[in-house]
Amino acid sequence: MYKIAKENLSALFQSIAENQELYLPVEVSGQVNYKAWTPDAKVSLETLKTVKSPKDAFFPQSENLYTVQRDGKKLSIQPEALKEQKFVVFGMKACDIQGVKVLDNVFLSDPVDSFYAARREHGTIVAMACHEPEESCFCKVFGIDCAEPAADVATWMVDGELYWKALTDKGEALTKAVESLLTEADGTDAEKLETEKTAIRAIVEKLPYSDLSLEGWNGDALTEKFNSPVWEELYKPCLACGTCTFVCPTCQCYDIKDYDTGHGVKRYRCWDSCMYSDFTMMAHGNNRTSQLQRFRQRFMHKLVYYPANNNGMYSCVGCGRCVEKCPASLNIVKVIKAFEKQGGDK
Amino acid sequence: MQELINRAKELLADGTVARVLGWKAGDLPYNPEPAYFETEESLKDFVYNGFCGANLSKYMIEASKLEGKTMVCLKPCDTYSFNQLIKEHRVDRDKAYIVGVGCKGKLDIEKIKKQGIKGIQSIQGAEITDDAETLTIQTIYGEKTCAYKDGMLERCHVCKGKEHQIYDEIIGESKDTKDADRFDEVRRIEAMRPEEKFAFFQSELSKCIRCNACRNVCPACSCRKCVFDSNKFDSSQKANVDSFEEKMFHIIRAFHVAGRCTDCGECSRVCPQGIPLHLFNRKFIKDIDELYGEYQAGEDTDSKGPLTNFTFDDAEPSIVTERG
Amino acid sequence: MSIEAKEEFRPKIVAFCCNWCSYAGADLAGSSRLSYPADVKIIRVPCSCRVNPMFILRAFEKGADGVIMCGCHPGDCHYSTGNYYARRRMTLLFSMLDYIGVENGRTRVEWVSAAEGVKFSTTMNEFVEKIYSLGKNVRLEDIRCRN
Amino acid sequence: MQRIGVFVCHCGSNIAATVDVKRVAEMALMEPGVVHAEDYQYMCSEAGQALIAKAIEEKQLTGLVICSCSPRMHEATFRKAAERAGLNPYMVEIANIREHCSWIHKDMEEATKKAVILMRAAVAKVNLNTPLQPGESLVTKRALVIGGGIAGIQTALDIADAGYEVDIVEKEPSIGGRMSQLDKTFPTLDCSACILTPKMVEAAAHEKINIYTYSEVEKVSGFVGDFTVDIRKKARSVDMDKCTGCGVCQEKCPSKKAPSEFNRGLNNRSAIYTPFAQAIPNVPVIDREHCIKFKTGKCGVCSKVCQAGAIDYDQKDEIVTEKYGAIVVATGFDIIKLDNYDEYAYSQSKDVITSLELERIMNAAGPTSGHLERLSDGKAPKEIVFIQCVGSRCSDDRGKSYCSKICCMYTAKHAMLIRDKYPDVNVTVFYIDVRTPGKNFDEFYRRAVEQYGVNYIKGQVGKVIPQPDGKLLVQGSDLLDNKQILKEADMVVLAAAIEPNPDVRKIATMLTASIDTNNFLTEAHAKLRPVESPTAGIFLSGVCQGPKDIPETVAQAGAAAVKAIGLLAKDKLMTNPCTAKPDETLCNGCSTCANVCPYGAITYEDKEIFDHGIRETRRVAQVNSALCQGCGACTVACPSGAMDLQGFSNRQIIAEVDAICR
């Protein structure tokens, strides 16, 4: 294990960024999101939750797939190059890392998404433990330990020092590259770290959502949950915006569109939201015609369909972003609780 | 709040209304959600407190299609939106029983959290009954306080006044919480050099994730299908490429609601990225006021909107250049 | 602005002209052989009130450097009131563009009657000159449209 | 995908000298959708058109782009050529490479480049064109004239003389209007009644004219060529068919306290009355407000004395529904209320009167039987002051901003008539300007000054103060001599501004005819279409459109009649297919489009809409293509893009923009 003083972090970032792109939480106009590091970026490692999850680093909101160039009536096609440069995502929390695992199941299984795979291959994740979890967090419910984030490198911020532990070959390689800036941690440090982890876990226990039960939410519950009358009440305040989808670390749906450049077409993909009325719109119309159906889809996917196809793994990681950002104060926790209540009433 | 619940019960019981549109207590101290209540029993979850910022007018578009009347709780500023929706034939006045609810300024949890308050367990002082000046917040990390004023939504600092514009009855007292001029920020931007203006908006709009929350919450954006979702203008794009599209979207959105926007502030309230979207709408409002005479959308249900009206001697577009 | 610089940069300028006055004014400029730069391309619309702000933004998105709209003089609209609505719409739109930091002068409205061939030509010359002085539109274009 | 043919015209050397036409044609073949391109000397010639026809047939073209002169020149020519060759004429677009290109550019390279871009824009547009069909609607050969004053009567007579049925609707018990209240008319001093009455009689007797008096327009629906109008015939309480007009009822009526509208309230009339002796029809009405029978149930004198048994106390309002092809508005004017002009003491002194009241006083059938006397004490006035522009040309909101146009002349007339009949009376006129632009007008005014010695003072009157002795003290200023004037007068006459009949607002709303801020009806074009409303099928006659005197009114009445006849003479109307069209699946029913439509072409309907599996009844916009003129104001007002303009659709214009910018 290594450590580095907080005040030396900018030197560390500088050093990483010399050789590869570095993404980390940066404040722009009052909001913190993952951005490429620049010498004058306002880095904010203290921010527990960036507004958007860091999934952009592997699955950007919008990315070009290929370009069609028109010359008279002749067309030529240029595919977009796959990611070839290495990059580092710094500061990812345990929940967001679990989010990447959810995406991996989708994009790295057959047929492999080559754009995603290239980014995963070239990306190194430096994880960071959560120092002060908040009331909207419920990662514990999904078995995630935010005190022990597992990625290529794991880090903890304790008393002005960042503890650094490489966990994979990629992590070792990165550690090697910046070794000169790190100091070897000693036994006192290890103790300090354990104390920190215990403290974090103690706080997690106190969080209001930590005792949320997922009982009954699994692949087998499909028909029962799908047909439940609970949805009819739940969906009503939903504004059909895409906030929950776009801040979510696990939502993976996208649309493919053409942009007319005047000289041809850029075919790109961009995130889509199952909450949108034109989601999966086809020539005949939409297969989900009401907001109730669209609303139900999102939660059924996270808690029933996805686990059914992925050995019981939920595609919610309890980051709580939707809890904080939904304009109508709806969220997955309220959905789970509504069913619990209904079950209890029976 | 109890008075509201009692009245709701009465109206449900005597058949005046078939349902009540209000707010339901959330599972955190600050997240009540808009909700329908159809039975007396269900009203036990009814809540009305400082976090009930949501403007329920727009829900009345759907509620107008339902059987029977809906009792809808509207704050003074929400009633402007409701009037505007009547004007545009989007809601049915006869399907609404409007209870004007008292308002003493609504709270913005983001603002409270911005003060470093986290791990919130409970909040005292947000109830509508008492005139608390201070919020006392119990958190996992200890007790914190926050002046009510400092936790208020931006829109409440430029409150349009405590009068309901339309109602069947009023329950509760309202307070004018205005302590700022709503055009100050617009003026500040107007005074910038073009490159500063551009940098400002570029920085703000670069945060936009095209989630459409601003549009979908907006009572003026009540189109059945937005032009940005249809192919009518070949404008249907979902990309977020940090260039032209966000500007196109936000300029056109503001233009489409110009003269119809009541300045209810919902767009800015819901933006997950905290983009001050009201700055677009207020610019149009300010221009309209200055060029065509003061106009407050939603003050009535029959006046001509400034963009469907004109005078022979309106200002020429060149005024934009001339005034510098 | 030097002559070399002018040669490097050839602006794209879209002119919306109403069928009854301004388009006819442009025709008169043509038949009177009153020249203006070829950078200006005219789109015929029935009335200035047909010009949607989205058309103007679209032009900028696709790389236009200037957009000018011409209509009948207020009071002379073929449809009586069209240009009055257009006037308000354009005033507000231009003000908004100014507000978000688009250089002043990339947009213009001019009322040109069917008899004002000279005015049409003078206006276009002035406008093109202005766009040259402002240079390429980078603030409103979509970079994907670049060559 | 379209199959487009591009035809590049040399126009002799007009285009070919500056534009490389061959290159334009070559470049056209590179454009999507273009399957044929050629150039030719004169595309508009017989031979050129034959080339187009041949290409349409051989290449099965579905759209044409003609790169040539302005569409204002030959669009119609090429559309017809396309139609003859079996192509929908609206599948043709013109790229204007002459007026907008070859004629203004000198450099061949530059002009050719531009011509190519203009061609591309036209091709991009045609790719999105759809065949359009003009609509047809039938014309009901009957006209409605609203208002039975001189304007309405003249219009009705002219239309009827052309052989069409005309109905006049007049809200008063008799036709005749304002002109019937006048004594003499300028500048020839004919007796008003002498020239009006024959017209009234002629109208009443005309077999094609049907007059509804004491009636009002209640409801208007439909559109040009096919209006449906409900007319409320107010209960007259007298059977029109039975009444012989003997007048006994009026003589015997015990209720004689009703102020006479015809005499501007200067004297009273009976409760059963005809407004004036020459009334047409000469059938009285019972004013139910003043009738003792209606008030108390007792009386019934008129019924008892009526030999014909025409009195019918139980008569009710009746609604008549008629269809019309054209509607002429001739609702005329009234003078403004003088409440805002207290300084002239109109409400304080009976001897301060309006000019219209003076007309009645001067008239032999008036309240004083034509004797000029003070209404307060019946004495003959010796000193009369006229005040001009009372409420006209007013810069604040007390009065009207416009010039009422007729006051200068009628005041000269009054002054002259008084001086002629009563040479011992002094007449003084306070004026701002004297405006006499009309045939023989200035001569008339000069006669008043020079021959009749009327004292004209340029200046305004500040105040009229009634004196204890009954005299009126007039405080004014003489701007030419730059001095204050105090003048004692026996009578003061105010030239009050005229304003459109207040009812016109209601009528304009029913007709969806636009109205200006002064309540004058708006003409379709101030110069070129002065007697037509922007709403098709609605025509304007008389002062409802703007202040005018009798000769102008009669002239305009005739012009409006000609426009109406021109419409009625058609059996069918062909409608321009480039009209607005809503996409009902997107329409919000918000009314914004209707608010900007100058033609009232947009209405709303609750309609069942089926869209992508959802069936819903809701309010949607409907465009009447017979009324829509295709300006496109609605398309921009519509936020959802539901409203689009055929022939200039959003996507078409955007395609042109894209083609130019690429």
Side-chain angles (χ1 to χ4, degrees), chain B residues 186 189-190 192-202 204-205 227-228 232-235 237 239 241-245 247-252 254-256 258-259 279-280 282-284 286-288 290-292 306-324, chain C residues 48-49 51-63 67-71 73-77 80-111 123 130 134 137-146:
Chain B
V186 176
I189 297 164
E190 282 172 344
M192 292 180 185
R193 283 178 292 118
E195 47 284 16
E196 290 172 327
K197 291 176 182 172
F198 187 73
F200 173 79
F201 281 108
Q202 185 77 357
E204 288 294 348
L205 292 184
V227 283
F228 287 101
K232 283 280 152 178
F233 282 82
D234 190 24
S235 55
Q237 302 291 348
V241 291
D242 191 17
S243 69
F244 178 75
E245 282 188 347
K247 281 183 215 113
M248 174 85 155
F249 175 78
H250 290 291
I251 295 171
I252 292 298
F255 189 84
H256 279 178
L279 291 178
F280 286 97
R282 284 205 193 138
K283 169 62 177 164
F284 278 135
K286 181 169 175 282
D287 278 345
I288 287 168
E290 286 172 2
L291 296 168
Y292 311 126
L307 275 166
T308 56
N309 204 357
F310 61 84
T311 64
F312 298 124
D313 42 15
D314 278 342
E316 291 294 331
S318 57
I319 191 166
V320 176
T321 319
E322 284 153 12
R323 72 187 172 196
Chain C
S48 52
C49 68
V51 180
N52 195 308
M54 287 186 84
F55 300 160
I56 292 173
L57 294 186
R58 176 76 171 208
F60 285 126
E61 171 189 3
K62 297 291 176 182
V67 179
I68 180 164
M69 185 191 89
C70 300
H73 284 272
D76 292 347
C77 174
S80 305
T81 53
N83 51 6
Y84 290 123
Y85 294 119
R87 184 164 62 179
R88 283 199 171 187
R89 290 167 185 164
M90 292 306 135
T91 306
L92 291 181
L93 177 71
F94 292 1
S95 180
M96 178 55 78
L97 293 179
D98 174 63
Y99 181 67
I100 66 159
V102 176
E103 307 90 334
N104 227 316
R106 279 207 193 277
T107 49
R108 180 166 168 180
V109 164
E110 201 61 57
W111 312 118
T123 302
K130 178 77 191 173
L134 292 172
N137 153 40
V138 288
R139 294 188 180 164
L140 279 180
E141 69 165 346
D142 192 313
I143 44 168
R144 289 173 294 186
C145 295
R146 278 194 197 156

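Nearest heavy-atom pair across B:V320 and C:N104 is O-ND2, 3.9 Å. Contact between C:T91 and B:A315 at its shortest, heavy atoms only, is OG1-O, 3.8 Å.
Salt bridge present: B:E245 and C:R144 bring a charged side-chain N and a carboxylate O closer than 4.0 Å.
B:E316 pairs by the side chain to side chain contact (heavy atoms under 4.5 Å, CB included) definition with B:S318, C:P74, C:R87, C:W111, not counting sequence neighbours. With sequence neighbours excluded, the residues that form a side chain to side chain contact (heavy atoms under 4.5 Å, CB included) with B:F310 are B:F312, B:D314, C:T81, C:Y84, C:Y85, C:R88.
With a 4.5 Å cut-off on non-hydrogen atoms, C:E141 touches chain B through its backbone but not through its side chain. For a residue to count as touching a neighbouring chain, one of its non-hydrogen atoms must lie under 4.5 Å from one of that chain's; by this rule C:R108 does not touch chain B. Interface remark: B:D313 contributes backbone atoms only to the contact with chain C (heavy atom separation under 4.5 Å). With a 4.5 Å cut-off on non-hydrogen atoms, B:F233 touches chain C through its backbone and its side chain both.
Comparing C:V102, C:T107, C:N52 by how many heavy-atom pairs each has under 4.5 Å with chain B, the most go to C:N52. Comparing B:L279, B:L291, B:V227 by heavy-atom pairs within less than 4.5 Å of chain C, the highest count is held by B:L279. Most heavy-atom pairs under 4.5 Å with chain C: of the set B:F284, B:F201, B:F200, B:F198, this distinction falls to B:F198.
With values rounded to the nearest 0.5 angstrom, C:S95 atom OG is found 8.5 Å from B:E290 atom CD. In this structure, NZ in C:K130 is found 7.5 Å from OG1 in B:T321, a value given to the nearest 0.5 Å.
Here the side chains of B:I251 and C:L93 are in contact, with some heavy-atom distance below 4.5 Å. Between C:E103 and B:P194, the closest side-chain pair of non-hydrogen atoms is not below 4.5 Å. Between B:K283 and C:I100 there is no side-chain heavy-atom pair separated by less than 4.5 Å.
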**OP:** Go through the steps for C:L57 and B:F255 under the test side chain to side chain contact (heavy atoms under 4.5 Å, CB included), then give the verdict.
**Re:** CA-CA 12 Å; C:L57 294 186; B:F255 189 84; over 6 Å; no

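Formation of a donor-acceptor pair under 3.5 Å by the B:K247 side chain with backbone atoms of C:R139 is found in this model.
Aromatic rings from B:F280 and C:Y99 are positioned such that their centres are separated by 6.0 Å or more.
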